[in-house]
Amino acid sequence: MSKLSSEQLFLTKAAKALLDKEEHSPFLNLSQYQLWELVGVDGLQLVKRLVSDVAAKIAPFQSLDFIFTGYQYSVLRLCEGRFRLGLYGDLGTYGGLNFEEAIASAKIGLQVWAKPCGTMQTIALPKATALNLLPRIAVVKPPHCLQRLSPNCAVPATVHEIPVLIWRHRLLSEAVFELHSAVQDAETIGRAAAQTRSQ
């Protein structure tokens, strides 16, 4: 699926620098990151309007990344009409619509529900850290295996019996593993990751 990712011709150093993590933290800085859920019979149509017709080639639990002018869309297909959309930056910063305006415009005439994942928290780890840490704290059901999780793919898992979705893709050209969990569970997962890393 990585061949579906767009060329990163306009990635700015300033945008990438925003990802830098705090010195002693294993987690990337996601202060500029938004996670949206798109659900409905026209979910695919909305995603195609936002990123292009290539989105139709994404199978469930596979994804696609687009970067332009330091702004990124990452699209993860969860099932037929359900998508998760990761957004880094704000189009308004570059003279375009902000994302809420872009989504509102793109969904005109479509039967789709689209809103930020307010009940979900995202944390992200650089690939090397994730491959060292996640197999020690996360459990996935066979035949899935975190070490063999392909780029642009996701898998459901648990961390200390807490449900989490682990998504491997690229964020501003960095290979990352994102963990999506309920807001009330994110602190527990983060603490487990930090403690395991220090051992």
Side-chain angles (χ1 to χ4, degrees), residues 18-19 21-22 25-47 49-51 55 58 60-65 71-92 97-107 110-125 130 133-134 137-141 144 146 149 152-172 176-196:
L18 293 172
L19 262 185
K21 57 189 180 66
E22 293 179 19
S25 172
F27 307 111
L28 295 170
N29 177 3
L30 297 183
S31 62
Q32 298 291 313
Y33 193 65
Q34 303 174 53
L35 200 63
W36 284 63
E37 200 86 6
L38 312 179
V39 182
V41 293
D42 292 327
L44 176 59
Q45 286 304 114
L46 177 55
V47 172
R49 287 182 182 182
L50 291 169
V51 300
I58 307 171
F61 288 93
Q62 292 185 337
S63 67
L64 162 69
D65 301 317
Y71 183 86
Q72 176 170 331
Y73 286 97
S74 295
V75 180
L76 172 64
R77 187 174 202 158
L78 296 173
C79 59
E80 186 61 31
R82 186 175 177 195
F83 294 81
R84 193 160 290 165
L85 191 59
L87 302 150
Y88 197 92
D90 188 335
L91 280 173
L97 300 173
N98 67 37
F99 189 69
E100 288 188 36
E101 293 166 337
I103 267 242
S105 176
K107 66 183 271 197
L110 300 180
Q111 295 180 38
V112 61
W113 171 86
K115 66 183 236 179
C117 297
T119 60
M120 195 170 297
Q121 182 78 33
T122 305
I123 58 177
L125 296 160
L133 183 62
L134 291 181
I137 64 169
V139 177
V140 298
K141 290 184 179 178
H144 302 292
L146 284 174
L149 183 64
N152 293 102
C153 289
V155 65
T158 58
V159 173
H160 291 251
E161 299 184 5
I162 296 169
V164 62
L165 181 77
I166 299 176
W167 177 15
R168 181 179 178 181
H169 68 116
R170 297 188 83 77
L171 190 54
L172 298 183
V176 303
F177 282 71
E178 274 186 37
L179 284 72
H180 300 172
S181 69
V183 169
Q184 64 269 21
D185 296 326
E187 187 176 335
T188 302
I189 292 169
R191 193 165 49 244
Q195 287 171 352
T196 302

Can you list, pair by pair, the side-chain donor-acceptor contacts under 3.5 Å of residues 114-123, counting residues two or more places apart and other chains?
none

* **OG-NE2 distance between Ser74 and His169, expressed to the nearest 0.5 angstrom** => 4.5 Å
* **Non-neighbouring partners of Glu80 that pass salt bridge (charged side-chain N to carboxylate O under 4.0 Å, His left out), sequence neighbours left out** => Arg77
* To do: Identify the heavy atoms of Val47 and Ala55 that sit nearest to each other, and give their distance.
  => CG1-CB, 3.5 Å
* Supply the atom-to-atom distance Asp42 CG to Arg49 CZ, rounded to the nearest 0.5 angstrom. => 8.0 Å
* Asked: Is the backbone of Arg170 close enough, under 3.5 Å, to the side chain of Gln72 for a donor and an acceptor to pair up by distance?
  -> yes
* Structure fact -> Rounding to 0.5 Å, atoms CD1 (Ile162) and CG (Asp185) come to a distance of 4.5 Å
* Asked: How many angstroms lie between atom CD1 of Ile58 and atom CZ of Phe83, to the nearest 0.5 angstrom?
  -> 6.5 Å
* **Shortest non-hydrogen separation from Ala102 to Leu50 and the atoms involved** => O-CD2, 4.4 Å
* Asked: Where do Val140 and Ala157 come nearest, in terms of heavy atoms and distance?
  -> CG1-CB, 3.4 Å
* Structure fact -> When rounded to the nearest 0.5 Å, the distance separating CG of Leu38 from CD1 of Ile103 is 5.0 Å
* Leu78 side chain reached by Arg84 side chain, heavy atoms, under 4.5 Å -> yes
* To do: For Gln184, look at atom CD and say whether over 12 heavy atoms of other residues, nucleotides or ligands are found less than 6.0 Å away.
  => yes
* Provide the closest heavy-atom pair for Ala138 versus Leu146 in the form atom of the first, atom of the second, distance. => CB-CD1, 3.7 Å
* How long is the span from the CZ atom in Phe61 to the CG atom in Leu76, to the nearest 0.5 Å? -> 7.5 Å
* What heavy-atom pair brings Leu165 and Pro156 nearest, and what distance separates the two atoms? -> CD1-N, 4.0 Å
* Asked: Mind checking whether Leu85 and Tyr73 have side chains closer than 4.5 Å, heavy atoms only?
  -> yes
* What's the shortest heavy-atom distance between Ser181 and Pro163, and which atoms? -> CB-O, 4.0 Å
* Stepwise side chain to side chain contact (heavy atoms under 4.5 Å, CB included) check, Arg82 with Val39 -> CA-CA 4 Å; Arg82 186 175 177 195; Val39 182; 3.8 Å; yes
* Below 4.5 Å, heavy atoms only, C-beta onward: do Phe177 and Leu149 meet side chain to side chain? -> yes
* Taking the inter-plane angle between the rings of Tyr33 and Tyr88 on a 0 to 90° scale, is it parallel (under 30°), tilted (30 to 60°) or perpendicular (over 60°)? -> tilted
